[in-house]
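Contents: one structure, followed by commentary.
Letters A, B, ... mirror the listed sequences (proteins, then strands); counts begin at 1.
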2 protein chains.
Amino acid sequence: MAQSRPHVHSDDCPGCHAAPEVAFARHDHSHCSGDVLARAEALANAQGARLTPVRRRVLEILLEEHRALGAYDVLQRLAAEGFGNQPPVAYRALDFLVENGLAHRIRRLNAFAACMHPGEAHAPAFLICRHCNHVAEAPAAAVRAALDGAAAEMGFLIERSNIEALGLCPACRGAGE
Amino acid sequence: MAQSRPHVHSDDCPGCHAAPEVAFARHDHSHCSGDVLARAEALANAQGARLTPVRRRVLEILLEEHRALGAYDVLQRLAAEGFGNQPPVAYRALDFLVENGLAHRIRRLNAFAACMHPGEAHAPAFLICRHCNHVAEAPAAAVRAALDGAAAEMGFLIERSNIEALGLCPACRGAGE
DNA sequence: TCTTGACATGTTATCTTATAACATAGATAG
DNA sequence: CTATCTATGTTATAAGATAACATGTCAAGA
């Protein structure tokens, strides 16, 4: 998973989003993890939110896996490391991360994934590969715009929304499945 | 809920979708329920799917409520009417309805809602009012197109997707909440 | 008519996901 | 230093979903 594959980083898009098709590709993951984590830390401070040990560790776990994890998966790893081993421990940390824009909830999977673009106010669409289970965030400004438009036509005011798609990522398409 | 409010029906859009803002408005619901149910029945036949008593009753229940119901809500009503009272009874019927395009699963609510446009091959966006809990289907062709485009940029092939929005419906906006 | 096979339903048991409620500890402001 | 707020730990339980097997029903082919 942590194969070193050089790729350009843009300022607003560390690690996995450097080039359009890179998010799903293999790349030096320790690099983008560290980058995202640093940005997350800065963001938390800026927002006056406290990235405590449990919360930070949960974020690290999500970043390490680079895929969506269930709350109980996270909990298991926390427990193994000496943190509390009851569900609320995991859920609270995960909720904190979601509320502070450091992680996303993937409803289709009942799971959570680290946000790869913390700080860029964004509401991405999630692309879930049904074969390798990886999740990528796709820029969804256009999608949101269309959705807002459709809602407005009906007089509906959108406050939050989730857009998730299931399918095949480039690698798994290439691999014949 | 079943206030008689005249509104024009279009052929492709019985009941609740006659005019843009009608889906959320009060209207003669027994009318669109019946209409949708008849269409659902025809559709099931055409597809060779069997709309058995339980399945039909579940669809009716969803139509009567005109909102998203949890599987256990449905189950409770089924049990009260002499059908089986174990979870699989409800889940199987609901799964059948979803697979045959007669109902939708709203993941954000862990719930199910009757499809208001059976037969029109469609993949709508769901607008969920956080105040009155009603769910409407918004035409989402443009949204899907944008989403497909965003995915294609990343080399991702979408097979299924769900688009859900939480907010305020026209009535609840008007009512000051 | 029988019977066989496919499909639907009923039932038991269990699993996964999520939260309520309360107790304890740690940080921060006054 | 102490009151208060926030975070964590813990117990218990609620809510959502499915696996596995038994029973029933119906219709096509022998």
Side-chain angles (χ1 to χ4, degrees), chain A residues 41 44-45 47-62 67-100 102-113 128 133 162 164, chain B residues 41 44-45 47-62 67-100 102-113 128 133 135 162 164 166:
Chain A
E41 214 143 32
N45 282 333
Q47 291 175 345
R50 296 169 50 196
L51 194 58
T52 60
V54 211
R55 293 167 175 174
R56 188 195 160 99
R57 188 66 196 114
V58 169
L59 181 55
E60 284 172 4
I61 288 169
L62 292 180
R67 63 190 175 91
L69 290 181
Y72 282 75
D73 296 329
V74 171
L75 178 59
Q76 203 172 339
R77 301 195 46 170
L78 286 179
E81 297 174 22
F83 293 97
N85 65 351
Q86 297 305 316
V89 173
Y91 279 103
R92 282 197 287 237
L94 289 165
D95 288 347
F96 169 88
L97 295 174
V98 169
E99 264 156 36
N100 289 274
L102 304 177
H104 298 290
R105 183 169 201 156
I106 315 291
R107 307 206 90 104
R108 186 147 198 145
L109 302 176
N110 292 326
F112 301 81
I128 307 161
N133 282 311
N162 56 298
E164 302 171 1
Chain B
E41 213 143 33
N45 283 333
Q47 291 174 345
R50 296 171 49 195
L51 194 58
T52 61
V54 211
R55 292 167 176 176
R56 188 195 159 99
R57 189 66 195 116
V58 169
L59 181 54
E60 285 171 4
I61 288 169
L62 293 179
R67 64 189 175 92
L69 290 182
Y72 281 74
D73 296 329
V74 171
L75 178 59
Q76 203 173 338
R77 302 196 45 169
L78 286 179
E81 296 175 21
F83 294 97
N85 65 351
Q86 297 305 316
V89 173
Y91 279 104
R92 281 196 288 236
L94 288 165
D95 288 347
F96 170 88
L97 295 174
V98 169
E99 265 156 36
N100 289 275
L102 303 178
H104 299 290
R105 183 169 202 157
I106 316 291
R107 308 206 89 104
R108 185 148 196 143
L109 302 177
N110 292 325
F112 301 81
I128 307 162
N133 283 310
V135 176
N162 56 296
E164 301 171 1
L166 195 69

I need the [atom1]-[atom2] distance between [X] and [N], as an integer number of Å.
{"X": "A/Leu78", "N": "D/dT8", "atom1": "CG", "atom2": "P", "answer": "11 Å"}
{"X": "B/Arg107", "N": "D/dA17", "atom1": "CZ", "atom2": "C1'", "answer": "11 Å"}
{"X": "A/Gln76", "N": "C/dT16", "atom1": "CD", "atom2": "P", "answer": "11 Å"}
{"X": "A/Leu75", "N": "D/dT8", "atom1": "CG", "atom2": "P", "answer": "14 Å"}
{"X": "A/Leu94", "N": "C/dT16", "atom1": "CG", "atom2": "P", "answer": "18 Å"}

Taking all non-hydrogen atoms of both residues into account, name the closest pair between A/Val98 and A/Arg105 and its distance.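 For A/Val98 versus A/Arg105, the nearest heavy atoms are CG2-N, 4.2 Å.
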Which pair of non-hydrogen atoms, one from B/Ile61 and one from B/Glu81, has the smallest distance, and what is that distance?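 Distance-wise, the nearest heavy atoms are CD1-OE2, 4.5 Å.
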Qualifying residues under side-chain hydrogen bond (donor to acceptor under 3.5 Å, both in side chains), relative to B/Arg77, sequence neighbours excluded: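 If we apply the side-chain hydrogen bond (donor to acceptor under 3.5 Å, both in side chains) test to B/Arg77, skipping adjacent residues, the hits are B/Glu64, B/Glu65.
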Taking side-chain hydrogen bond (donor to acceptor under 3.5 Å, both in side chains) as the definition, give me every residue that meets it alongside B/Asn162, ordered by chain and number, with sequence neighbours left out.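 If we apply the side-chain hydrogen bond (donor to acceptor under 3.5 Å, both in side chains) test to B/Asn162, skipping adjacent residues, the hits are A/Arg108.
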DNA chain C: B/Arg55 or B/Val89, which has the more 5' nearest nucleotide?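 Nearest-nucleotide comparison on DNA chain C picks B/Arg55.
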Please tabulate, one pair per line, each protein N/O and nucleotide N/O from nucleotides 19-26 of chain C that are separated by under 3.5 Å, including the distance.
none

Give the intermediate values and the outcome of side-chain contact (heavy atoms from CB on, under 4.5 Å) for residues A/Arg67 and A/Leu69. CA-CA 6 Å; A/Arg67 63 190 175 91; A/Leu69 290 181; 3.7 Å; yes
Does some side-chain heavy atom of A/Phe96 sit less than 4.5 Å from a side-chain heavy atom of A/Leu51?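 Result yes, sub-4.5 Å side-chain heavy-atom pair found.
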At under 4.0 Å, does any side-chain N or O of A/Asn110 touch on OP1 or OP2 of C/dA18?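 Indeed, a polar side-chain atom of A/Asn110 lies that close.
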